[in-house]
Amino acid sequence: MKKILIAFALLSAVTLAEAQMTFRYGIKGGLNLATYDSDADDAQCRLGQWGVLCRFEFGSFAVQPELFYARQGVRSLERNVIPELEDSWITESDYKLMLLSDNVQLPIMVKYYLPIEKIKGFNIQAGPQFSQRFDYKISSPSEKGYLGGSVLGGVMSKRAFAQDMNQFTVMANMGIGFDSESGIGVDVRCSMGITPVFKGDITNPHTGEKFAYNSNSHDRVWSISFTYLF
């Protein structure tokens with residue numbers, strides 16, 4: 001098995017060395033539809049994915065590193081946090097809690113261009129993505145008094161985010177795309193978090209008390225982005 005792997009690696013290296021490489025660079029921007037895998041029904045669409053990319057093309061394959069700023073988030077419902085209000089006039093929308101984050105992301109995608117003449121440029125793609133969270137925001141009716149007794153409404157803060165969220169995360173990307181010869185392209189991807197969103201249970205910054213809130217959650221992001229290569 002080891003000899004087969006070594007032979008395959010050598011064959012791949014020779015193939016890439018003999019292939020004519022084309023280098024291009026450009027810009028990208030798009031939309032994120034983000035949530036956590038534990039809150040699959042609470043996706044939050046955020047306009048905010050823009051940055052730069054470059055592409056190394058080797059025949060039917062391409063390696064595409066990217067560096068961009070991305071906004072992600074989740075809309076969580078707190079319906080059962082205050083049971084005595086469950087049947088009151090307060091609607092479900094009054095219970096939403098927005099957990100938002102800004103990120104710098106570095107995906108490294110490998111693209112394979114399908115040999116289809118009628119839609120030349122259509123590709124499938126996959127690769128890892130490395131992300132650094134650098135800002136956290138919370139927005140909730142809790143802050144306006146609707147959920148004064150809410151555990152999350154009273155505890156969560158920017159400090160709690162910084163303390164309890166993993167700031168560096170790794171994700172796995174896969175998707176499809178189309179790259180035209182003119183340089184205009186579109187990619188549709190699904191990104192699944194490998195690193196959990198939270199380090200563990202949430203910590204009350206005032207008392208030190210811990211309580212569970214999606215402590216095993218992972219980022220889940222659907223995105224559509226448009227690219228232009230020079």
Side-chain angles (χ1 to χ4, degrees), residues 21-76 98-135 166 168-197 214 217-230:
M21 188 193 78
T22 301
F23 173 77
R24 303 185 74 177
Y25 64 93
I27 56 177
K28 68 172 294 183
L31 274 171
N32 284 338
L33 184 62
T35 185
Y36 301 151
D37 55 8
S38 56
D39 291 310
D41 296 329
D42 299 329
Q44 171 68 17
C45 187
R46 304 196 71 192
L47 176 61
Q49 183 194 107
W50 50 85
V52 296
L53 71 151
C54 62
R55 184 184 300 157
F56 303 88
E57 299 177 354
F58 304 89
S60 298
F61 289 90
V63 179
Q64 182 171 299
E66 305 172 357
L67 180 65
F68 58 87
Y69 162 80
R71 306 172 71 193
Q72 295 178 190
V74 64
R75 176 176 62 86
S76 295
M98 311 292 280
L99 308 178
L100 310 177
S101 66
D102 296 333
N103 313 266
V104 173
Q105 297 181 335
L106 174 65
I108 302 175
M109 305 300 293
V110 176
K111 293 186 170 185
Y112 171 66
Y113 292 93
L114 299 178
I116 306 175
E117 286 297 327
K118 293 184 178 180
I119 48 174
K120 188 176 181 181
F122 184 75
N123 62 82
I124 56 176
Q125 52 188 265
Q129 176 173 292
F130 308 97
S131 179
Q132 177 68 40
R133 305 183 200 271
F134 67 89
D135 193 17
N166 282 310
F168 180 80
T169 60
V170 179
M171 304 180 75
N173 290 353
M174 61 187 67
I176 59 175
F178 175 77
D179 298 322
S180 68
E181 294 182 358
S182 64
I184 299 174
V186 59
D187 293 318
V188 178
R189 295 177 188 168
C190 176
S191 303
M192 304 295 293
I194 297 175
T195 307
V197 176
N214 293 347
S217 294
H218 298 79
D219 285 301
R220 177 184 295 175
V221 183
W222 285 93
S223 64
I224 178 170
S225 60
F226 299 91
T227 59
Y228 180 74
L229 299 184
F230 300 102

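- With values rounded to the nearest 0.5 angstrom, I184 atom CD1 is found 10.5 Å from F226 atom CZ.
- Using a distance-only test at 3.5 Å, with no hydrogens or angles considered, a donor-acceptor pair links the side chain of T195 to the main chain of V170.
- Residues C54 and F23 come closest through the heavy atom pair CB-CE1, 3.7 Å.
- Side-chain contact annotation: Q72 with N32, donor-acceptor N/O pair under 3.5 Å absent.
- The backbone N or O of G177 lies less than 3.5 Å from a partner atom in the side chain of N123, making a donor-acceptor pair.
- In this view, F178 satisfies the ring pair (Phe, Tyr, Trp, His ring centres under 6.0 Å) rule with no residue, not counting sequence neighbours.
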Handout entry: Full working for side chain to side chain contact (heavy atoms under 4.5 Å, CB included) between D102 and Y69
Key = CA-CA 7 Å; D102 296 333; Y69 162 80; 3.2 Å; yes

Problem - Audit row: L229, L53, side chain to side chain contact (heavy atoms under 4.5 Å, CB included) steps and yes/no - result: CA-CA 8 Å; L229 299 184; L53 71 151; 4.0 Å; yes

For a quick test of your reading: what N or O donor-acceptor pairs under 3.5 Å do the side chains of residues 107-116 make, sequence neighbours left out?
| from | atom 1 | to | atom 2 | distance (Å) |
| --- | --- | --- | --- | --- |
| K111 | NZ | Q64 | OE1 | 3.2 |
| K111 | NZ | D179 | OD2 | 3.0 |
| K111 | NZ | D187 | OD1 | 3.4 |
| Y113 | OH | D179 | OD2 | 2.7 |

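- Note on residues 60-70: pairs passing salt bridge (charged side-chain N to carboxylate O under 4.0 Å, His left out), not counting sequence neighbours, are K28-E66, E66-R189.
- For the atom pair CG of L33 and SG of C190, the computed distance is 10.0 Å after rounding to the nearest 0.5 Å.
- Between Q105 and Q49 there is no side-chain heavy-atom pair separated by less than 4.5 Å.
- For the side chain to side chain contact (heavy atoms under 4.5 Å, CB included) criterion with Q129, the lone passing option out of N173, V221, I194 is N173.
- Distance check, rounded to the nearest 0.5 Å: NE2 of H218 to OG1 of T169 gives 10.0 Å.
- Considering OH of Y228 and OH of Y25, their distance stands at 10.0 Å, rounded to 0.5 Å.
- The CG atom of N103 sits 9.0 Å away from the CZ atom of F68 when rounded to the nearest 0.5 Å.
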Handout entry: Worked verdict on V63 versus M21 for side chain to side chain contact (heavy atoms under 4.5 Å, CB included)
Key = CA-CA 11 Å; V63 179; M21 188 193 78; over 6 Å; no

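- Crowding of F230 atom CZ: a count of heavy atoms from other residues, nucleotides or ligands under 6.0 Å exceeding 12.
- No side-chain heavy atom of Q125 sits less than 4.5 Å from a side-chain heavy atom of M174.
- A donor atom on one side chain and an acceptor atom on the other are not found under 3.5 Å apart for S223 and S225.
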